[in-house]
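Each ligand, and each atom within it, is numbered from 1 in the order the structure gives.
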Amino acid sequence: MHLLSSLALLLAATASAKRVVPINIEKAPGSDLPERRLRRRAHFEESLENNRTGYFAYVDIGTPPQTIKMHVDTGSTDVWVLSKTVDLCNNVTLQDEFGRCYDTFDASKSSTFKPVVRDGFIIQYLDGTGAAGDYFNDSINLGGANLQSMQMGIAYNSTNQWAMMGVGFSENVNAETPFPGLIDQLLLQGMIGVKAYSLWLNDMESATGTILFGGLDTEKFTGTLKSLPLIPDKTTNTTREFVVNLTSVAVANKDRTITASNPAAVPVLLDSGTTLTYLPGSITSKIFAELKAVDDTRTKSGSGDVYVDCNLRNDASLELRYQFGGQNGPLISVPAVDLIFDLPGKGDIDFPILPFPTSRACSLGIQRDDKNFILGDTFLRSAYVVYDLTHNQVALAQSIQNATNSNVIEIEAASQGIPAANGTGTTKKDNAAPLGMPASAAAGAAMAAFVSLLVGGALLVL
Ligand SMILES: *[C@@H]1O[C@H](CO)[C@@H](O)[C@H](O)[C@H]1NC(C)=O
Ligand SMILES: *[C@@H]1O[C@H](CO)[C@@H](O)[C@H](O)[C@H]1NC(C)=O
Ligand SMILES: *[C@@H]1O[C@H](CO)[C@@H](O)[C@H](O)[C@H]1NC(C)=O
Ligand SMILES: *[C@@H]1O[C@H](CO)[C@@H](O)[C@H](O)[C@H]1NC(C)=O
Ligand SMILES: *[C@@H]1O[C@H](CO)[C@@H](O)[C@H](O)[C@H]1NC(C)=O
Ligand SMILES: *[C@@H]1O[C@H](CO)[C@@H](O)[C@H](O)[C@H]1NC(C)=O
Ligand SMILES: *[C@@H]1O[C@H](CO)[C@@H](O)[C@H](O)[C@H]1NC(C)=O
Ligand SMILES: *[C@@H]1O[C@H](CO)[C@@H](O)[C@H](O)[C@H]1NC(C)=O
């Protein structure tokens with residue numbers, strides 16, 4: 001699933017991009033060659049390009065390899081490419097409507113290309129874009145992990161601008177006849193010992209994040225990694241998406257006093273393919289009230305933005321705190337600077353009445369949605385997330401943005417789940433209380449405090 005808001009598209013227009021190459025961070029090789037060749041590469045890492053509209057990985061497909069830039073999406077499972085002949089990339093009218101097209105794949109130039117299901121590939125995303133074409137098998141290489149054969153889609157018709165790398169559950173592939181998705185293939189072909197990966201999106205301003213298959217990197221987070229069970233799909237009673245219980249959301253800064261509450265849970269999807277965060281009105285009404293935000297997304301004539309005062313970013317202690325799985329579960333803080341964005345071209349906007357000067361109008365990275373509850377990149381950038389499809393868990397810890405060191409722990413095949421590892425990285429601002437620490441743990445710092453705990457109401461179904 002992915003949603004690209006007007007905000008994201010506007011941001012994209014100002015993005016600068018750097019091409020990156022995959023980084024192999026495998027530890028020192030084994031003793032002799034034959035053994036090395038047989039030895040499982042238990043983890044490998046792939047750099048992600050941050051283009052603000054989302055996170056992209058460069059993947060080699062076919063023989064000889066064609067490098068394709070793919071959007072990494074935890075909210076879907078199909079891996080697919082745009083055919084060289086896809087309508088979007090060959091029709092300017094379509095590009096005017098859906099945006100310019102990215103890397104395409106030329107099937108006729110790959111000697112290992114094998115058609116599998118003609119017209120079998122069709123996918124539709126939550127934002128209304130979609131693609132259709134065939135399924136095929138070919139080799140795929142990501143971050144140095146070379147899969148001999150993998151079933152993928154090739155689109156001849158697409159309203160989606162780029163190739164997709166779905167890293168969800170195989171149960172979620174879109175085909176009539178199910179087949180193993182990427183993470184299952186990595187396990188089947190001996191590349192990883194357990195179906196797990198870690199996603200570190202990094203700072204909005206930085207060019208790259210990483211996806212680490214088969215392991216986790218303790219230098220990229222603080223505190224303890226805490227696991228949460230995934231919530232099974234109601235109708236099928238199978239776990240097929242990264243949905244967890246969000247138990248409270250608080251707006252906090254150092255001046256406010258604590259108010260406590262112990263509300264029911266809201267099932268939220270952790271979705272790297274979604275740019276913003278979407279929460280039910282019961283939560284957003286309180287966040288918006290606290291931030292004096294004006295919601296201009298509810299009508300057709302609206303701008304699609306939630307306006308807030310840019311000056312809120314001047315309060316370095318202002319943050320949103322997301323608590324999962326009850327009081328002892330993971331707590332992730334998202335600083336205001338990562339939630340509040342400049343609006344390009346303010347002169348062109350027909351603002352509603354705002355409680356602050358329009359010259360100070362910014363856009364908030366959280367919107368209301370009463371059906372699909374999604375924590376997208378405006379949440380995920382603050383979290384280090386380990387996705388475990390073997391044990392149906394995710395684990396979260398507070399991300400360290402711009403971390404440069406690396407200390408990779410493999411998730412063992414025999415493990416019972418994601419290890420409760422402690423972060424070893426350090427934040428740059430070392431005398432301030434690290435964001436994300438519970439108030440009681442923020443020793444020496446001014447007592448951080450919750451303004452309001454917001455999640456309430458009944459359990460809602462996605
Ligand atoms: C990043 O996004 C912008 C806007 O969509 C696009 O113009 C630019 O080419 C992208 N950069 C890369 C390397 O794809
Ligand atoms: C698919 O694309 C082809 C051209 O590549 C076009 O002729 C056809 O109308 C498109 N189909 C749909 C359903 O848009
Ligand atoms: C391009 O797409 C538009 C809109 O679907 C269609 O009307 C037009 O015929 C297409 N042009 C070509 C050359 O295929
Ligand atoms: C394509 O690959 C899948 C595994 O991903 C395999 O089950 C299937 O037999 C292959 N099909 C062909 C035609 O090679
Ligand atoms: C991370 O680095 C970027 C520049 O690459 C900088 O703009 C940003 O403020 C840094 N973030 C943190 C949390 O230090
Ligand atoms: C999520 O929260 C609901 C309501 O509190 C609870 O019934 C359910 O067991 C929780 N699910 C998981 C997987 O923690
Ligand atoms: C759902 O599946 C689990 C095992 O995966 C089982 O324990 C549980 O009873 C099932 N629930 C329903 C309602 O069938
Ligand atoms: C992580 O740190 C906590 C104390 O902060 C400690 O109790 C726990 O044993 C540590 N866990 C590991 C795996 O080292």
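- With no hydrogens or angles considered, no side-chain donor-acceptor pair links Glu219 and Ser406 at under 3.5 Å.
- A heavy-atom distance below 4.5 Å is not found between the side chains of Tyr197 and Leu186.
- There is a protein heavy atom closer than 4.0 angstrom to atom 13 (C) of ligand 8.
- Side-chain contact annotation: Tyr55 with Arg381, donor-acceptor N/O pair under 3.5 Å present.
- The closest donor-acceptor contact from the side chain of Lys84 to the backbone of Ser108 lies at 3.5 Å or more, if one exists at all.
- From the protein, the heavy atom lying nearest to atom 11 (N) of ligand 8 is Asn422 ND2, 2.9 Å.
- When each atom of ligand 8 is checked for a heavy atom of Ala420 under 4.0 Å away, the hits are 13 (C).
- Protein non-hydrogen atoms do not reach within 4.0 Å of atom 7 (O) of ligand 2.
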Requested in this report: Before giving the answer on side chain to side chain contact (heavy atoms under 4.5 Å, CB included), spell out for Ser149 and Lys114 the whole-Å C-alpha distance, their side-chain angles and the decisive distance to 0.1 Å.
Outcome: CA-CA 9 Å; Ser149 174; Lys114 258 195 210 158; over 6 Å; no

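- Nearest non-hydrogen protein atom to atom 4 (C) of ligand 2 is Asp87 CB, 4.0 Å.
- Those atoms of ligand 5 that come under 4.0 Å of a heavy atom in Gln401, given as number and element, are 13 (C).
- Nearest non-hydrogen protein atom to atom 1 (C) of ligand 2 is Asn157 ND2, 1.6 Å.
- No donor-acceptor distance shorter than 3.5 angstrom exists from the side chain of Thr77 to the backbone of Gly166, with no hydrogens or angles considered.
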